[in-house]
S.K.: 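This structure is in structure tokens; I'll ask about it shortly.
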Number of protein chains: 2
Amino acid sequence: MPAPTLPSEQSAAALIAACGGRITRTRLAVLGILRDSAHSLSHDDIAAQLLALDVHHDRVTLYRTLDWLVEQGLAHRVSGPDRAWRFNSGRDNAGAHAHFHCDRCGHIVCLESIRPDESLALPAGYRPERAELVFHGTCPDCGRRRAEDA
Amino acid sequence: MPAPTLPSEQSAAALIAACGGRITRTRLAVLGILRDSAHSLSHDDIAAQLLALDVHHDRVTLYRTLDWLVEQGLAHRVSGPDRAWRFNSGRDNAGAHAHFHCDRCGHIVCLESIRPDESLALPAGYRPERAELVFHGTCPDCGRRRAEDA
DNA sequence: TCACTAATGCAACATTGTAGCATTTCAGCG
DNA sequence: CGCTGAAATGCTACAATGTTGCATTAGTGA
Ligand SMILES: [Mn+2]
Ligand SMILES: [Mn+2]
Ligand SMILES: [Zn+2]
Ligand SMILES: [Zn+2]
């Protein structure tokens, strides 16, 4: 019998097809790259990986591919410190989880387990609909590396 | 006797001088504009106000002036949704207070009374140093305007 | 008033992203 | 399979935001 397929087990091709989109080499490669990465990737990071994989593409196509993935809920976007977006696989539900930004290596990772506290009392009149929470500090990798250096 | 002067009562000129900087028309005007505004201002907003005040200036000078004010702790920066910085008067201590971003009018305001919860338990290995908290939703002005429309 | 140097203005450049439009390629169909 | 129409791509040009280098101007203290 076919085991029930968790979303995380679905192939990139199946995920793309399920959205009613065409399966193209750029979409396949980009979604694969995002799903394989432990941290958020910038447009530039992804372009570099595509180059390494010999997946020819145009700058604009990559922007459009990323937009499409976000629209479809196959990826989500986090604003980086350098006014460039970072991308992660998976849907975010508009800021449903917090993110961690390492000031040493610059990596941004999703903290799926932490959701911003929506119940905070704001001053009168403010109607919050969602909250973005971004921690800054040192990530586990950089902490370990620092300990080894010492 | 001279009443003790609160920082908020100091003139822009005195604040600038206290930092050891020269008092120039651009610095005076920009700091004044920031201190008079109830919400964050983009580079472009400030340029428009300078124009209205007939304070001639160069684009680059304004960028440098804003950088300097932030360096000196006379202003702080918040990243907007459109990858353009917004500026507020006053020191922020690296994310010491939360901000509210109105999705209707685009205004960003400081919520001085709300500080991100630093005590949240992060996954093992993460060393947070500060947290940024940004609420999105409808601001009091837009809520009121909407109620009047109905 | 003078001299020193911080601050400015200008031109050129960098980065990140968008818009329009002709061309290619995917997916469904006979 | 080979066609065909629409979706996706590639290219060029453009826009927004910010930075760098360097010559000139103008605050400041003497
Ligand atoms: Mn995330
Ligand atoms: Mn603030
Ligand atoms: Zn790190
Ligand atoms: Zn508003």
Side-chain angles (χ1 to χ4, degrees), chain A residues 11-32 40-51 53-72 74-87 106 108, chain B residues 11-32 40-51 53-72 74-87 106 108:
Chain A
S11 73
L15 288 168
I16 292 167
C19 295
R22 286 191 184 171
I23 297 174
T24 68
R25 61 182 195 294
T26 308
R27 285 183 182 167
L28 278 176
V30 171
L31 187 49
S40 304
L41 298 174
S42 67
H43 172 105
D44 220 45
D45 295 333
I46 298 169
Q49 291 203 35
L50 287 176
L51 193 66
L53 293 171
D54 258 323
V55 177
H56 168 81
H57 70 285
D58 180 74
R59 240 165 50 82
V60 178
T61 300
L62 178 49
Y63 279 114
R64 291 198 273 231
T65 299
L66 289 167
D67 284 350
W68 185 85
L69 290 173
V70 170
E71 253 171 48
Q72 303 305 315
L74 294 178
H76 66 276
R77 219 191 295 262
V78 186
S79 73
D82 50 2
R83 18 186 270 301
W85 296 109
R86 308 303 161 106
F87 296 87
I108 299 178
Chain B
S11 72
L15 287 168
I16 291 168
C19 295
R22 288 188 182 173
I23 297 173
T24 69
R25 63 183 195 293
T26 307
R27 284 183 182 167
L28 278 176
V30 171
L31 186 49
S40 304
L41 298 174
S42 67
H43 172 104
D44 220 45
D45 295 333
I46 298 169
Q49 292 202 35
L50 287 177
L51 194 65
L53 293 172
D54 258 321
V55 178
H56 167 81
H57 71 284
D58 181 74
R59 244 165 46 83
V60 177
T61 300
L62 179 48
Y63 279 115
R64 290 198 272 232
T65 299
L66 289 168
D67 283 349
W68 185 85
L69 290 173
V70 170
E71 252 172 48
Q72 303 304 317
L74 294 178
H76 67 274
R77 218 192 295 262
V78 187
S79 74
D82 50 3
R83 35 186 252 303
W85 297 109
R86 308 303 161 105
F87 296 87
I108 299 178

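Below, chain A is the first sequence line, B the second, and so on; all start at residue 1.
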S.K.: Could I get the full list of side chain to side chain contact (heavy atoms under 4.5 Å, CB included) partners for I23(A), not counting sequence neighbours?
M.R.: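 In terms of side chain to side chain contact (heavy atoms under 4.5 Å, CB included), with neighbours along the sequence ignored, I23(A) is linked to A13(A), I16(A), A17(A), L28(A).
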S.K.: If I take atom OG1 from residue T26(B) and atom CH2 from residue W68(B), how far apart are they, to the nearest 0.5 angstrom?
M.R.: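 Between atom OG1 of T26(B) and atom CH2 of W68(B) there are 12.0 Å.
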S.K.: Give the rounded distance in Å between these two atoms: CD1 of I16(A) and C1' of dT25(C).
M.R.: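 After rounding, the gap between these two atoms is 15 Å.
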S.K.: Can you tell me how far NE2 of H57(B) sits from CD1 of I46(B), rounded to the nearest 0.5 angstrom?
M.R.: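 Interatomic distance, I46(B) CD1 to H57(B) NE2, rounded to 0.5 Å: 9.0 Å.
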S.K.: To the nearest angstrom, how far is F87(B) atom CZ from dT17(D) atom P?
M.R.: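 For the pair F87(B) CZ and dT17(D) P, the rounded distance is 12 Å.
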S.K.: Could you list the residues that satisfy side chain to side chain contact (heavy atoms under 4.5 Å, CB included) with D67(B), not counting sequence neighbours?
M.R.: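 Partners of D67(B) by the side chain to side chain contact (heavy atoms under 4.5 Å, CB included) criterion, ordered by chain and then number, come out as R77(B).
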S.K.: Would you be so kind as to tabulate the donor-acceptor pairs closer than 3.5 Å made by side chains of residues 59-66 of chain B, with sequence neighbours excluded?
M.R.:
residue	atom	partner	partner atom	Å
T65(B)	OG1	T61(B)	O	2.8

S.K.: A side-chain contact here means heavy atoms from C-beta on lying under 4.5 Å apart; do W85(A) and S79(A) qualify?
M.R.: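 In contact.
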S.K.: Can you tell me how far CZ of R25(B) sits from CG of D54(B), rounded to the nearest 0.5 angstrom?
M.R.: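 The distance works out to 11.0 Å.
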S.K.: In this structure, how many angstroms lie between the C1' atom of dA16(D) and the CG atom of D45(B), rounded?
M.R.: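 Distance check: D45(B) CG to dA16(D) C1' gives 14 Å.
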S.K.: Is there any protein nitrogen or oxygen under 3.5 Å from a nitrogen or oxygen in nucleotides 24-30 of chain D, and what are the pairs?
M.R.:
residue	atom	partner	partner atom	Å
dG27(D)	N2	R22(B)	NH2	2.9
dT28(D)	OP1	I23(B)	N	2.6

S.K.: Output all residues satisfying side chain to side chain contact (heavy atoms under 4.5 Å, CB included) with D45(B), sequence neighbours left out; order by chain, then residue number.
M.R.: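 So D45(B) forms a side chain to side chain contact (heavy atoms under 4.5 Å, CB included) with L41(B), S42(B).
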S.K.: Please give me the minimum heavy-atom distance between V55(A) and A29(A), naming the atom from each residue.
M.R.: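 Of all heavy-atom pairs spanning V55(A) and A29(A), the closest is CG2-CB, 4.0 Å.
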S.K.: Without decimals, in angstroms, what is the distance between D58(A) CG and dA7(D) P?
M.R.: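 Between P of dA7(D) and CG of D58(A): 20 Å.
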S.K.: Please tabulate the protein-to-nucleotide N/O contacts below 3.5 Å involving nucleotides 12-16 of chain C, giving atom names and distances.
M.R.:
residue	atom	partner	partner atom	Å
dT16(C)	O2	R83(B)	NH2	3.2

S.K.: Among all residues two or more places apart in sequence or in another chain, which pass the salt bridge (Lys or Arg N to Asp or Glu O under 4.0 Å) test with R27(B)?
M.R.: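 Counting only residues at least two positions away or on another chain, R27(B) forms no salt bridge (Lys or Arg N to Asp or Glu O under 4.0 Å).
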S.K.: Could you pull out all residues at least two apart from D82(A) that satisfy salt bridge (Lys or Arg N to Asp or Glu O under 4.0 Å)?
M.R.: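 Once residues adjacent in sequence are excluded, the partners of D82(A) under the salt bridge (Lys or Arg N to Asp or Glu O under 4.0 Å) criterion are R86(A).
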S.K.: I want to check one thing: is the phosphate of dA7(C), taken as OP1 and OP2, less than 4.0 Å away from some side-chain N or O of T65(B)?
M.R.: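 No, outside the criterion.
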S.K.: Just to confirm, is there a sub-4.0 Å distance from OP1 or OP2 of dG10(D) to any side-chain nitrogen or oxygen of H56(A)?
M.R.: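 Yes.
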S.K.: Identify the pairs formed between an N or O of the protein and an N or O of nucleotides 2-4 of chain D at a distance under 3.5 Å, and give each distance.
M.R.:
none

S.K.: Using a cut-off of strictly less than 4.0 Å, decide whether T61(B) has a side-chain nitrogen or oxygen near OP1 or OP2 of dA7(C).
M.R.: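 Checking T61(B) against dA7(C): no side-chain N or O falls below 4.0 Å of OP1 or OP2.
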S.K.: Taking CZ from R86(B) and C1' from dG18(D), how many angstroms apart are they, rounded to a whole number?
M.R.: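 For the pair R86(B) CZ and dG18(D) C1', the rounded distance is 15 Å.
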S.K.: Without decimals, in angstroms, what is the distance between L66(B) CG and dA7(C) P?
M.R.: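 Rounding to the nearest Å, CG of L66(B) and P of dA7(C) are 14 Å apart.
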S.K.: Five pairs per end, C1' atoms only: what is the angle between the end axes of the helix from dT1(C)-dA30(D) to dG30(C)-dC1(D), to 10 degrees?
M.R.: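 For the helix from dT1(C)-dA30(D) to dG30(C)-dC1(D), the axes at opposite ends meet at about 30°.
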S.K.: Looking only at heavy atoms, which two atoms of I108(B) and P81(B) are closest? And how far apart?
M.R.: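 In this case the closest contact between I108(B) and P81(B) is CD1-CD, 4.5 Å.
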S.K.: What nucleic acid atoms does R64(A) come within less than 4.0 Å of, heavy atoms only: base, sugar-phosphate, or nothing?
M.R.: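 The answer is base, as R64(A) lies within the cut-off (heavy atoms under 4.0 Å) of a base atom.
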S.K.: Using the test salt bridge (Lys or Arg N to Asp or Glu O under 4.0 Å), find all partners of D58(A) that sit at least two apart in sequence or belong to another chain.
M.R.: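 Scan of D58(A) (salt bridge (Lys or Arg N to Asp or Glu O under 4.0 Å), adjacent residues dropped) gives none.
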S.K.: Tell me: CG of D67(A) to P of dT18(C), nearest whole Å?
M.R.: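 Atom-to-atom, D67(A) to dT18(C), this comes out as 6 Å.
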S.K.: Could you state the CH2-C1' distance from W68(A) to dA8(D), rounded to the nearest angstrom?
M.R.: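 For the pair W68(A) CH2 and dA8(D) C1', the rounded distance is 11 Å.
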